[in-house]
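To start, the structure under review is shown below, and the notes come after it.
In what follows, every heavy atom counts, from backbone to side chain, and hydrogens, waters and symmetry copies are set aside.
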Amino acid sequence: MASLTNTTGGLMYQSLLESVVFSTLTTVPCCVFLLVNAAMLMTLRSRPLFRETPRYLLLLNLLCADTAQMALSQLLFLLAASRAPLTYPPCGVLVMLADLTNTVSPLTLVVMSLERYVAVCHPLRHAALVTARSTAVAVAAVWAISWMNVLTRVVLLLDFPFKDLQSLQMADFCSKDRMMLGVVSEVYDRGYTYFLFVSTSVVVASSYVAVTMAARSASSGGASARRARDTLLLHLVQVGLSLSSTLYSPVLVALSRSVSRLMFVRLQNVLYVAIFIFPRCLSSLIYGLRDKSIRPVLLQHLSCGLTLSIGTTRPHFHMRDV
């Protein structure tokens, strides 16, 4: 989760009524998206097929990270909107958890892309390489790498001389930038974010190119390769959206030079929804409505068990929908 400092700091320039309105306008879609994600999580745990198929297990991990990230982002936003004062310890915990889940998402997309690459380019080895056990190991590795990043940030944070402060009370709103209390922390954050953005984009793009070439040259199974290519293209778009927060601060700097202060604050709220909230719900919308195995079960959960025309027939499961 990239810098929310400018967004939260700009809230001081808003009237109380406007703060309430913007908080409501961000909270309502966030709650809707959380409901959709919760229905998707229930769907992925409702059938043995979903619980045992590697690509669905990876999707479950992605949704868990996105849902947690969405909830934490909205919590930080509401704390800023209500001007709630925090001390450094609870703020640090919230920021580190948000950063943890924000790292898990693009790394999971990388694993999902590699799974599709193996399925298309090495179909004879797919069953042996991509199993429920190997998927669990990959998910564990993703979380381990993400935790290492968090622990590194904590170590850098501990170098700050907190004992010299008169109070642990934060003078400003809780945000990631406010927890970067040294030059080394800022340099590390910038370097790690850029490395994550470049490395994940390269891996997903390379998988997409390889699958595209396989789709063009395949004499049989071309339809399956094309579906995998489309899926990888969606992965690439999601990686870009997931890491679009790296462009958040530069965009705000450019806007601050061309619009009025009040308009700037309002645009910050719009960008917050577009960059931090909306992308976190795309996984449910993309995979839930696109996958013929998931779609009827997801719609049934979204309808709270009510009878739908699409749910009157028993869902048929197709392993090649994505």
Side-chain angles (χ1 to χ4, degrees), residues 1-11 61 64-66 68-80 84-111 139-203 239 242-253 268 272 275-276 279-280:
M1 176 180 158
S3 171
L4 286 176
T5 302
N6 291 329
T7 298
T8 56
L11 290 170
N61 186 65
C64 288
D66 283 348
Q69 171 66 20
M70 191 190 310
L72 289 167
S73 297
Q74 187 62 19
L75 176 60
L76 288 171
F77 182 86
L78 291 177
L79 288 173
L86 288 180
T87 58
Y88 281 104
C91 178
V93 172
L94 291 175
V95 169
M96 294 304 170
L97 288 176
D99 194 69
L100 171 69
T101 54
N102 194 49
T103 304
V104 169
S105 294
L107 292 180
T108 302
L109 287 169
V110 168
V111 180
V139 169
V142 166
W143 282 93
I145 294 173
S146 302
W147 272 113
M148 288 176 59
N149 170 51
V150 171
L151 292 177
T152 301
R153 295 177 186 275
V154 171
V155 170
L156 294 176
L157 186 62
L158 293 178
D159 288 339
F160 185 79
F162 286 100
K163 60 182 180 180
D164 296 339
L165 297 176
Q166 295 181 351
S167 173
L168 291 179
Q169 185 71 42
M170 300 185 68
D172 209 336
F173 301 105
C174 177
S175 66
K176 184 176 180 179
D177 278 0
R178 295 302 177 187
M179 294 305 300
M180 294 182 191
L181 303 176
V183 177
V184 178
S185 295
E186 294 181 3
V187 172
Y188 172 80
D189 177 72
R190 190 180 301 110
Y192 181 83
T193 301
Y194 291 161
F195 172 77
L196 184 66
F197 184 89
V198 173
S199 59
T200 54
S201 299
V202 168
V203 173
V239 167
S242 178
L243 298 176
S244 61
S245 56
T246 58
L247 303 176
Y248 184 65
S249 293
V251 170
L252 291 183
V253 171
Q268 284 179 314
Y272 165 72
I275 293 178
F276 289 98
R280 305 301 169 185

List for me each residue that meets side-chain contact (heavy atoms from CB on, under 4.5 Å) alongside [X], sequence neighbours excluded, and say none if there are none.
X      : value
Thr152 : Leu156, Tyr188
Val110 : Leu114, Thr200, Val203, Val204
Val202 : Val198, Ser206

Gap between atom [atom2] of [Y] and atom [atom1] of [X] - 0.5 Å precision:
X      : Y      : atom1 : atom2 : value
Phe195 : Asn149 : CZ    : CG    : 11.0 Å
Ser199 : Tyr192 : OG    : OH    : 8.0 Å
Arg153 : Leu100 : CZ    : CG    : 10.5 Å
Cys91  : Leu76  : SG    : CG    : 7.0 Å

Do [X] and [Y] have side-chain heavy atoms sitting under 4.5 Å apart?
X      : Y      : value
Leu75  : Leu94  : yes
Trp143 : Asn61  : yes
Leu107 : Ser146 : yes
Met70  : Asp66  : no

Quiz prompt | Residue pair Asn102 / Gln69: nearest heavy atoms and the distance that separates them | solution =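 Residues Asn102 and Gln69, closest heavy atoms: N-OE1, 3.6 Å.
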Exercise. List the atom of Leu157, the atom of Ser185, and the distance in Å for their closest heavy-atom pair.
Key: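 That would be N-OG, 4.5 Å.
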Self-check item: Derivation of the side-chain contact (heavy atoms from CB on, under 4.5 Å) call for Val139 and Thr108
Solution: CA-CA 7 Å; Val139 169; Thr108 302; over 6 Å; no
